[in-house]
Amino acid sequence: MSTSAHAAPVAAPHHGAHGDSGHGHAHHPGLAHHFDDLEQQKDSAVYGMWAFLVQEVMFFGGLFIAYIVYRNLYPDAFAHASNLLNVPLGATNTAILLASSLTMALAVRGGATGSKPTQLIMLVLTIVFGLAFLVVKYFEYAEKFEHHLVPGPTFMSDPAHVSPFFQAHPEEIPHAKIFFFLYFAMTGVHAAHMIVGAGLMAWIFLRAKKGEFVPEHHDALEMSGLYWHFVDIVWIFLFPMIYLLGYHFGGHH
Amino acid sequence: MSAQAVAAPHAKIAAPEHRETYLNYDYSWKSWLFTVDHKRIGILYLLTVAFFVAIGGLFAMMIRAELLTPQGDVLESETYNKIFTMHGAVMIFFFLIPGVPGVLGNFVLPLMIGARDVAFPKLNLLSWYIFVVGGLLTLFVAATGGVDTGWTFYAPYSSTYSNTRVAETAIMVFITGFSSILTGLNFLVTVHTMRAPGMTWFRLPLFIWASYATALINVLATPVLAITVLLLALERIFHIGIFDPKVGGDPILFEHMFWFYSHPAVYIMILPAMGVISELVAAFSRKRIFGYSFVAFSSLAIAVLGFLVWGHHMFVSGQSAYAGLVFSVLTVLIAVPTAVKIFNWTATLYQGSVEFATPFLYVLAFFGLFLIGGVTGLFLAAMGLDIHMHDNYFVVAHFHYVMVGGMVTAFFGGLHYWWPKMFGRMYNELTGKLAALIIFVGFNMTFFPQFIVGYMGMPRRYHAYAPEFQVLNVLSSAGAVVLGTGYLLAAVNLIWSLKFGKVVTEKNPWGATGLEWETQTPPIPHNFEVTPRVTQEAYAYHEMYSGKEAHGVH
Amino acid sequence: MSGHDHSPAHGHGGHHVHVVSLKMYFTVIALLFALTFLTVWTASMDLGAYNTIVALLIAITKATLVVLIFMHVLWSKKIVWIMVGSSVVWFAILVAFTMQDYLSRNLG
C-alpha cells in the first residue's frame with residue numbers, strides 16, 4: 001500500500017538528515033553538502049580523476065593511432081624525418097619532466113604528512129620544471145621554423161637541413177611532412193596540457209599557501225598530481241616514438 | 001489504482017501551496033542559470049534540447065519538401081547538401097546524444113539511487129554550458145555559410161575539396177564532445193559513490209545500468225572523435241595532406257577514427273532509451289523485469305561489443321576484405337544482447353497487469369519500430385547485401401527506425417512517465433494517447449517507404465531523383481507531416497499541462513517502484529527528507545501489490 | 001550496510017592516508033633516469049625491428065613505475081586498477097582493429 005515498502009528511513013545517525021538540516025553536524029569545512037563524509041568525497045574525486053585520465057588516454061590515443069598507421073605505411077620516411085629532430089633537447093626535456101614528476105609526488109606526500117613547507121617548495125619546483133620544459137620546447141620549435149621543417153609551403157626547402165635520404169628520395173618528402181605534422185600535433189597537444197598543468201599548479205600553490213591541504217583532506221592537490229603524472233607518461237612514450245626512430249642512423253646534431 | 005491513499009505523515013497534502021519544491025524555492029533567473037541542482041539542470045537540458053530538435057525538425061521538413069518532386073526545385077543542390085548536413089549534425093550531437101542522459105538522466109538518476117545530487121554538481125552545470133555554447137555556435141556557423149559534407153565529415157571531401165565552413169563546424173563538434181564526456185564521467189562516478197545505503201549494484205534500476213554503460217562509452221569513445229575532428233580542422237587550416245591521398249594521406253584512417261567513436265555513439269543514443277523502456281515495461285505491467293541481471297549485463301555487453309564493429313560502415317570504403325569479414329561477424333553478434341533485452345521485456349509483459357497508459361503506448365511503439373530497425377541492421381551487417389544497400393535510402397530508413405523509432409519514442413515515453421514527478425502536473429491522457437498513435441502511424445508512413453525506395457536503388461543525399469521513386473517519396477513526405485503533427489500534439493499537451501493539467505501532489509501517481517517515486521512531487525531541492533535505506537530489489541511489484549509487507553521490513 | 005564503494009568500517013570522518021616512503025620515491029626516480037639512458041643507448045644501435053620493441057618495453061616499464069608508485073595505484077582500490085586496465089584495453093582495441101585492416105590490405 002504505502003510506497004515506503006521499498007525503502008525505510010535510515011537509522012544510522014551519521015547519514016543524518018539532508019539539505020539544510022545537515023548543518024547540525026560538525027562537518028569538515030572541505031566537505032561539500034551533497035556528500036556524507038570525506039571518504040565518499042575523496043572516492044568520488046579519485047574515480048572522477050581517473051575516468052578523466054582514461055578519457056585523456058583515448059584522446060592522445062587518437063593521435064597515436066594516426067602515428068602508428070602512417071609509420072607503418074612510410075617507415076623509411078618516418079625514421080629519416082625523426083633523425084632531423086634534436087635528440088639532446090628531447091632527452092633534456094625527458095629528464096626535466098621526470099624530475100618534475102618526483103617533485104609532484106613529494107608535494108602530494110607533503111599533503112599526506114601535513115607539511116605545508118614541503119607542499120610549497122615542491123609545488124614551486126614542479127612549476128619551475130614545467131616552465132623549463134616549455135622553454136626548451138620553444139627553442140626546439142623555433143629551430144624547426146628556422147630549418148624549414150614546419151609542414152607548409154616551404155617545407156624542406158633549405159638544403160642545409162634536408163638529410164641525404166630526402167635529397168635522394170624527394171618522393172618521400174610528403175611523407176616526412178606527415179611525420180612533422182604529427183610531431184607538432186602530438187608535442188603541441190602535450191605542451192598545451194603542460195600549460196594547463198602549470199596553471200593548475202599555480203592555483204594549487206595558492207590554496208596550499210592558505211593551508212588548505214591537511215592529511216585528511218587534500219584531494220585537489222592529489223588529483224592535480226595525478227594529472228601531472230599523466231602528462232609525464234605521455235612524454236615517456238612520445239620521446240622514443242618521435243625522437244629516437246632514426247637515432248641509429250647516426251649523423252644527428 | 002494509485003498506491004498513494006496512505007501518505008507518509010510528513011507530506012503535508014493539506015497545504016500544498018506551502019510546499020517547497022526544487023521549482024519554487026527561488027524563481028530568479030540567476031537561480032536557474034547558476035543552479036547546481038541536477039533536477040534544474042535536467043529542466044535546462046529539456047528546454048535547450050527542445051530548441052535544437054525544433055531546428056533539426058525544420059531542416060527535416062525542408063528535406064521532405066524538396067523530395068516531393070523528382071526535380072531539384074525547392075532547394076539548390078548545394079543548399080540541400082547543407083540542409084541535410086545540419087539536420088544530421090543538429091539531431092545527433094544536440095538531441096540524440098544528450099537527450100535521454102541530459103534530460104531524463106539528470107533528473108532521475110540521482111533520485112533513483114537515493115542521492116542528494118550527482119557526484120560533481122558544478123561539472124554537471126559546466127556540461128550544460130558547453131553543450132549550449134557548442135550548439136549555438138554550430139547554428140551560427142550554419143547561418144553564416146554552413147557546411148555540406150554530411151554529418152560524417154568524410155575526407156578528403158571535407159579536408160580538401162569542400163568550400164564550406166568545415167573547420168569551424170569541426171571545432172564546434174570538438175567543443176560539444178566535452179559536454180558529453182563530462183556528463184558520462186559524472187554519471188559514472190555518481191553510480192559508484194553516491195548510492196544510498198542498501199542500494200547494491202543488483203538493486204539498481206535498469207535505467208541506471210543502461211546509463212552507466214552509456215557513460216562508459218562517453219568516456220572511452222568521445223575523446224577519439226575530439227582528436228579526429230581536431231585533425232580535420234588542422235588539415236583544413238594548414239593543408240598538410242594528412243587525409244589527402246594525393247600526397248600520401250589516407251582518408252580511410254579518417255573513417256576508422258571517426259567510426260571508432262561514431263558507431264559506439266549510436267549506442268550512446270539507444271542504450272539510455274533502452275533503460276527507459278525497462279523502467280516503463282516494469283511499471284506498466286506491474287511486474288519485476290524478467291531476467292533482471294541478463295538485461296543489466298546486456299547493456300554492458302552492448303557497450304563493449306559496440307566498440308568492435310565500426311568497420312561495418314566501411315565495407316565499400318576500401319578497407320581490406322578480411323577486416324570487413326571480422327567486422328561483419330562481430331556486428332551480427334551484437335544482435336544477441338539486443339535480442340536478450342527485447343525478449344526479456346516481452347517476457348515481462350506475459351501475465352502482467354498491463355495498463356495502457358500513454359507512456360506504455362510509446363513502449364509498444366518502441367517495440368515495433370526498434371525491432372524493424374534492429375533487424376534491418378542485420379541485413380546491413382551482411383557484407384554482400386551492404387554493397388547493394390550502402391549509401392541508399394535503405395540505410396536512411398534503418399537508421400531512423402533505430403534512432404527516431406527507438407530513441408525518440410523511448411524519450412517521449414520517459415518524458416510522459418516522469419512528467420508528473422518533474423512538474424507536479426498531469427497532461428491530458430486522451431490527447432497523450434492520440435499523439436502516441438499519430439506518431440506511430442506517421443513514423444511508419446515516413447520511413448517505411450524509404451526501405452522500399454532504398455532497396456530499389458534510390459541513393460541518399462541527392463536533391464533530385466529518378467521519377468519512378470516519386471510515389472513513395474510523396475508518401476514519405478506526407479508521413480513526415482503526420483509525424484510532425486504527432487510530435488507537436490504531444491509537446492502541446494505537455495506544455496498545456498504545466499498551466500492547466502491536473503495537479504499531482506501524490507508521491508507515486510503511477511504506483512511504481514523506485515526511489516524517485518518515494519520523494520515529494522515535485523521533489524524538494526535536496527531530493528529526500530531522510531536518506532532512503534533500500535531493503536529490496538528494484539521492481540518489487542509483487543511485494544508492493546500483494547498486500548502483505550506493505551510497510552517493508554524495518 | 002552502505003551502498004558506497006568504501007567500507008563503512010572507516011566510519012564518519014575516518015580517512016585512510018597512505019604515505020609512501022621517501023626511499024621508494026627516490027628509488028623510482030633513479031630507475032626512471034636509468035631507463036631513459038637505456039632507451040637512448042639502445043636506440044643508437046641498429047637492432048632492426050627490435051629497436052621499436054625495446055623502446056616500447058622500456059617506455060611501458062617507465063609508465064608502469066609512474067602509475068603504480070607516483071600515482072599510488074599500487075595502494076588504490078580495485079576500481080582504479082580496472083580503470084587503468086580499461087584505458088589500456090580500449091587503446092589496444094583502437095590499434096588492433098584499425099591495424100587488422102592495414103596489415104591485411106595485401107592479402108587479397
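Here the structure is a predicted model, which means the values were calculated and not measured. A note on names: the letters A, B, ... follow the listed sequences, proteins ahead of strands, and every chain is numbered from 1.
In terms of heavy-atom proximity, A:F59 sits nearest to B:A226 at CE1-CB, 3.8 Å. Summarising the geometry of A:I178 relative to B:G241, their closest heavy-atom pair is CD1-O, 4.4 Å, with the distance given to 0.1 Å.
For A:F139, the CZ atom sits in a loose shell: 12 or fewer heavy atoms of surrounding residues, nucleotides or ligands are nearer than 6.0 Å.
For a residue to count as touching a neighbouring chain, one of its non-hydrogen atoms must lie under 4.5 Å from one of that chain's; by this rule B:F178 touches chain A with the side chain only. For B:F260, the part lying under 4.5 angstrom from a heavy atom of chain A is the side chain only. Contacts of B:I181 with chain A are made by side-chain atoms alone, with heavy-atom separations under 4.5 Å and no backbone atom involved. Looking at A:A45, the atoms closer than 4.5 Å to chain B (heavy atoms on both sides) all sit in the backbone: N, CA, C or O. Of the two parts of B:V118, only the backbone, made up of N, CA, C and O, holds a non-hydrogen atom closer than 4.5 Å to a non-hydrogen atom of chain A. No part of A:F60 comes within reach of chain B, as not one of its non-hydrogen atoms sits under 4.5 angstrom from that chain.
In this structure, CD in A:Q40 is found 5.0 Å from CE in B:M194, a value given to the nearest 0.5 Å. Put simply, CG on B:L234 and CZ on A:F184 are 12.5 Å apart, with the number rounded to the nearest 0.5 Å. For the atom pair CG of B:N527 and NE2 of A:H34, the computed distance is 11.5 Å after rounding to the nearest 0.5 Å.
Counting heavy-atom pairs under 4.5 Å between each of A:V57, A:V54, A:L63, A:V189 and chain B puts A:L63 at the top. For the set B:G184, B:A221, B:P121, B:A215, the entry with the most heavy-atom pairs within less than 4.5 Å of chain A is B:P121. Ranking B:D250, B:I524, B:L188, B:D117 against chain A, the residue ahead of the rest is B:D250, based on heavy-atom pairs under 4.5 Å.
Contact check for B:H192 versus A:D43: no side-chain heavy atoms found under the 4.5 Å cut-off. Looking only at side-chain heavy atoms (C-beta outward), B:I240 and A:K177 come within less than 4.5 Å of each other. Proximity of B:I242 to A:L182: side-chain heavy atoms (C-beta onward) are separated by under 4.5 Å at one or more points.
Distance alone, capped at 3.5 Å, places no donor-acceptor pair between the A:Y70 side chain and the B:G248 backbone.
Each of B:V219, B:V224, B:I227 was evaluated against A:M58; a single residue qualifies, B:V224, per the side-chain contact (heavy atoms from CB on, under 4.5 Å) test.
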